[in-house]
> 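Please see the structure below; I have some questions.
Computed from a prediction, not measured in an experiment: that's the story for all the values here. Below, read A as the first sequence line, B as the second, and so on, with proteins coming before strands; counting in each chain starts at 1.
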Amino acid sequence: MFLTRGSYPWGSLRGALSEMERLRREMDHVVGAYSARPEGYGDASVFPPVNLLEDSDHYLLNAELPGVGPEDLEISVKGKQVSLQGQRKSPQLPEGVRFHRRERSQAGFSRLIGLPAEVDADKVEARLENGVLRVVLPKAEVAKPRKIAVSAS
Amino acid sequence: MSVSTDLTRRDESPATAGAERTKTEPVYAPAVDIYETQDNLVLLADLPGVAKEDLTIRLEEEVLTIEGAAHASAATGQHLLTEYISGTFYRQFTVGEAIDREKIDAKLKNGVLELVLPKAEKAKPKRIQVTSD
């Protein structure tokens with residue numbers, strides 16, 4: 001019923017990729033040499049990057065969504081899947097602007113994140129704070145761990 | 001004569017490559033858009049997880065520094081998927097001279113910083129009226 005990192009190939013692969021990307025950025029910073037190509041999301045990783053945690057009663061999903069307001073984001077939960085969809089709004093630009101740098105992505109995004117077990121879709125809570133989405137997904141009753149009393153005969 | 005208002009990256013600057021941090025958390029260079037309008041130089045930076053109180057913007061001499069710490073989620077539990085690690089955002093730019101420092105405006109919304117650097121009024125050529133008596 002529970003998936004660990006080892007038994008979740010896509011998850012661990014993404015994790016490894018993002019870890020490599022993180023290390024690359026860290027190295028870039030250490031040597032002070034930024035790569036010539038634009039930094040940002042979308043290279044070697046998907047948007048938005050997601051962290052998924054589990055405690056005994058909940059799954060906690062965090063995603064980095066800078067520039068996405070509540071009105072630009074659609075979250076839906078069905079069975080064991082959470083879907084995040086939305087659009088990063090491009091700023092209203094006045095006439096005749098000249099870009100010096102354009103590293104931020106403005107693309108739409110859509111992600112489907114698989115959960116190890118079913119959640120109670122009615123009790124899901126989502127909050128956007130400083131560009132980070134935090135979703136609390138209570139596990140469905142059937143998915144919660146149950147303590148079995150052992151009786152001695 | 002043109003007055004350069006270009007933002008250029010400070011490569012091999014001692015400030016970015018020098019002093020080590022005491023914390024070992026990762027340091028990221030935030031993705032930025034920088035554009036120039038007739039009156040302003042505008043910088044947009046992705047700083048997810050950075051609260052207003054944790055963001056520092058400095059313009060010292062001609063060096064613009066953006067630094068902000070993102071708070072990691074306080075949630076505890078078993079990690080099933082880790083695609084990002086919260087850390088500090090840090091980036092420096094060299095700004096041309098022609099910025100009106102008194103009128104710089106910074107806004108933080110949905111994890112995106114919008115920094116408006118108004119261009120300073122250039123000294124306009126002045127025609128001297130010659131009068132005769």
Side-chain angles (χ1 to χ4, degrees), chain A residues 3-5 8 11-12 14-15 17-19 22 25-26 28-34 38-41 45-46 48-56 58-60 62-69 91 93-105 113 115-116 128-132 134, chain B residues 5-18 20 26-52 54 70-73 75-87 90-91 93 108-114:
Chain A
L3 294 180
T4 61
R5 283 202 210 192
Y8 192 32
S12 60
R14 279 207 200 102
L17 285 175
S18 62
E19 179 65 9
R22 187 186 69 76
R25 287 188 194 191
E26 208 169 337
D28 282 354
H29 185 82
V30 167
V31 297
Y34 297 88
E39 281 279 340
Y41 302 101
S45 63
V46 280
V50 165
N51 282 353
L52 187 64
L53 285 102
E54 173 184 22
D55 65 19
S56 55
H58 308 91
Y59 294 108
L60 305 152
N62 298 329
E64 286 192 329
L65 287 165
V68 176
L93 295 174
E95 284 283 304
V97 299
R98 194 162 66 84
F99 267 91
H100 296 200
R101 284 163 189 273
R102 201 157 199 181
E103 301 168 355
R104 302 170 60 244
S105 139
I113 295 127
L115 301 172
L128 263 174
E129 199 181 326
N130 295 322
V132 177
R134 304 195 192 282
Chain B
T5 55
D6 282 6
L7 291 183
T8 42
R9 202 172 55 215
R10 271 170 85 81
D11 284 325
E12 292 146 38
S13 126
T16 49
E20 259 186 87
V27 180
Y28 304 107
V32 298
D33 284 353
I34 298 171
Y35 61 85
E36 187 180 340
T37 65
Q38 195 155 12
D39 304 320
N40 301 311
L41 196 61
V42 182
L43 181 146
L44 302 168
D46 283 346
L47 301 166
V50 178
K52 202 177 70 181
D54 300 317
H71 287 295
S73 155
T76 52
Q78 194 195 348
H79 290 261
L80 301 179
L81 179 64
T82 305
E83 293 178 348
Y84 71 91
I85 294 165
S86 298
Y90 183 88
R91 207 162 170 183
F93 297 96
L108 187 63
K109 194 188 172 200
N110 293 330
V112 178
L113 167 71
E114 183 181 4

> On a heavy-atom basis, which atom in Leu53(A) and which in Thr76(B) lie closest, and how many Å separate them?
CD2-C, 4.1 Å

> In terms of heavy-atom proximity below 4.5 Å to chain B, should Leu65(A) be classed as side chain, backbone, both, or neither?
backbone

> Contact part of Leu128(A) toward chain B, heavy-atom cut-off under 4.5 Å: side chain, backbone, both or neither?
neither

> Can you measure from CG (Leu60(A)) to NE2 (His79(B)) and round to the nearest 0.5 angstrom?
10.0 Å

> Between CG of Leu81(B) and CD of Glu54(A), what distance do you get to the nearest 0.5 Å?
12.5 Å

> Whether the side chain of Asp33(B) engages the backbone of Glu103(A) through a donor-acceptor N/O pair (distance < 3.5 Å, no angle test) should be reported.
yes

> Ignoring hydrogens and geometry, is there a side-chain-to-backbone donor-acceptor pair from Asn51(A) to Glu83(B) under 3.5 Å?
yes

> Atom CD1 in Ile34(B), atom CZ in Arg104(A): separation rounded to 0.5 Å?
11.5 Å

> Non-hydrogen atoms of chain A under 4.5 Å away: do they reach the side chain of Leu47(B), the backbone, both or neither?
backbone

> For chain B, which candidate among Gly131(A), Pro48(A), Ala63(A), Gly69(A) shows the most heavy-atom pairs at distances under 4.5 Å?
Gly131(A)

> Given the options Val50(B), Thr37(B), Leu108(B), which has more heavy-atom pairs under 4.5 Å with chain A than any of the others?
Val50(B)

> Let me know if Val68(A) has heavy atoms under 4.5 Å from chain B in its side chain, its backbone, both or neither.
backbone

> Do you know which two heavy atoms are closest between Val112(B) and Pro66(A), and how far apart they sit?
CG2-C, 3.7 Å

> Any side-chain heavy-atom pair from Phe93(B) and Arg101(A) closer than 4.5 angstrom?
yes

> Report the distance from atom CG of Leu52(A) to atom CD of Gln78(B), rounding to the nearest 0.5 Å.
10.0 Å

